[in-house]
Amino acid sequence: MQSKTPNISIAAFVEKSPPELQIEVLAGNAGLDDRFINSARIQKLGLALAGFAHYIHKGRIQIVGQSEIWYLSQLESEKRTEAIQNLDLDKVSCILITKGLDPVPELTRLAEDKGLPLLRTNMISSGAINQVSVFLQEILAPQITLHGVLMGMFGIGVLILGDSGIGKSECALDLITRGHYLIADDSVTIKKVGDKLEGKSPELIQDYLEIHGLGIINIRELFGVSAIGKGSQIEICIELKNWKEFEEIDRLGLKMHEEEIFGLKIPKFVLPVSSGRNLSTLVETAVRIHLLREAGFDAARSLIEKHQLLVGGL
Amino acid sequence: MLRGEVTIINRLGLHARAAAQLVRLSSGFKSRILLHRKDNAVVADAKSILSVLTLAAAQGSVLEIEVEGADEQAAFDAVLEIFGDGFGEL
């Protein structure tokens, strides 16, 4: 599975960042398109200005707040230039000044010379750092679009996988008529945000479902807004498999499968498909089983414990 | 498993009717046929129309094709051919 290497140009950052930040570009316009942020973590320039610049990471936003400006303004002009040059300005992705502070003239001049974007926001450092981190985490999250169906059921996101033609979309339609909602049919965009997987529909096919024989239908128009969800955290995965492809079926339901996406494991039920098996009931029940297990109840285990007591095995 | 790359050559890209043609062709095979568009990390199943449309592949887009199954060679050749043909639009 290959995902896009996430990064964002400074120009895109300025354009897309939350409006509360009201970012303005003070200098270094030349670098807006060819400097990139590739980490959601920020750095404060503090110690680097005092001479300890080894910790500067290339792909992070460098925050300059009251203390940095204060430190710089009490230096003599020559020392200031030296302190700023020390930062290895070719390496730094961009500098964000907070609290609407005015940069020292040397900083503006050097940023302009080096094509290092010098940005400013009126927010105070703590607020700005929070906004920036949340925004970057979202936009830099690794992302992939996979073949599958994503449903919202009993408050959790259920990813349904399986080869084409096995009945994922029909199953989704059936689940919709039972009051669950569709998030994405046939193609699901999955993002790793922190240690969670967020799923949603690619914009183009949001609300649509394809059923063999009926063609492409619009779920929002046919069933109303409550049948559609915008996105959800993916908590379990259901894989539909042809009965014939099954080597061995776990008849007790003790063995838990897992699906790995971006290194995160989510519990998976593998359901054999054959005529006469009502898929949507099975999927719905699988989700209920998962919720019960989360709450600490496991039918298979409790039966086995009872049985063991009976045969004196414990 | 067979793997290969194709470039979309027809002017309109992988538009709706071309996509439908590809889906119809792919559905005739047993093998699983996947299309990867690497520049935006989209993986589509060639047998699903919505999935193929999600690729939003314009003229010049490069797709990696991955075919696996009992009739993979025939399926692979057929898919390469339909792309090479520009979906009969050249």
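Throughout, a chain's letter reflects where its sequence line sits, starting with A, and its residues are numbered from 1.
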Checklist entry - Do other residues, nucleotides or ligands put more than 12 heavy atoms under 6.0 Å from B/F29 CZ? => result yes
Checklist entry - Quick one: does B/V43's side chain get under 4.5 Å of A/T145's, heavy atoms only? => result no
Next on the checklist: Would you say that more than 12 heavy atoms from the other residues, nucleotides or ligands in this model lie under 6.0 Å from the CZ of B/R17, or not?
Outcome noted: no
Checklist entry - Looking at CD1 of A/I166 and NZ of B/K47, how far apart are the two atoms once the value is rounded to the nearest 0.5 Å? => result 10.5 Å
Checklist entry - Shortest non-hydrogen contact from B/S51 to A/H147? => result OG-ND1, 3.6 Å
Next on the checklist: Does any part of the side chain of B/L50, heavy atoms only, come nearer than 4.5 Å to the side chain of A/S187, both counted from C-beta?
Outcome noted: no
Next on the checklist: Once rounded to the nearest 0.5 Å, what's the spacing between atom CG of A/L146 and atom OG1 of B/T54?
Outcome noted: 11.0 Å
Checklist entry - Within a radius of less than 6.0 Å around CZ of A/R60, do more than 12 heavy atoms belonging to other residues, nucleotides or ligands occur? => result yes
Next on the checklist: Just checking A/R35: does its CZ atom have more than 12 heavy atoms from other residues, nucleotides or ligands closer to it than 6.0 angstrom?
Outcome noted: yes
Next on the checklist: Quick check on A/E203: does its CD atom have over 12 non-hydrogen neighbours (other residues, nucleotides or ligands) under 6.0 Å away?
Outcome noted: no
Next on the checklist: Would you compute the distance between atom CG of B/N40 and atom OG1 of A/T189 and round it to the nearest 0.5 angstrom?
Outcome noted: 9.0 Å
Checklist entry - Heavy-atom distance under 4.5 Å to chain B: side chain of A/I216, backbone, both or neither? => result side chain
Checklist entry - How long is the gap from CD1 on A/I205 to CG on B/L53, to the nearest 0.5 Å? => result 8.0 Å
Checklist entry - When rounded to the nearest 0.5 angstrom, what distance separates OG in A/S164 from CD1 in B/I49? => result 11.5 Å
Checklist outcome for this item: Rounding to 0.5 Å, atoms NZ (A/K168) and CG (B/D45) come to a distance of 6.5 Å
Item to check | Heavy atoms of other groups near A/R178 CZ, more than 12 under 6.0 Å | outcome: yes
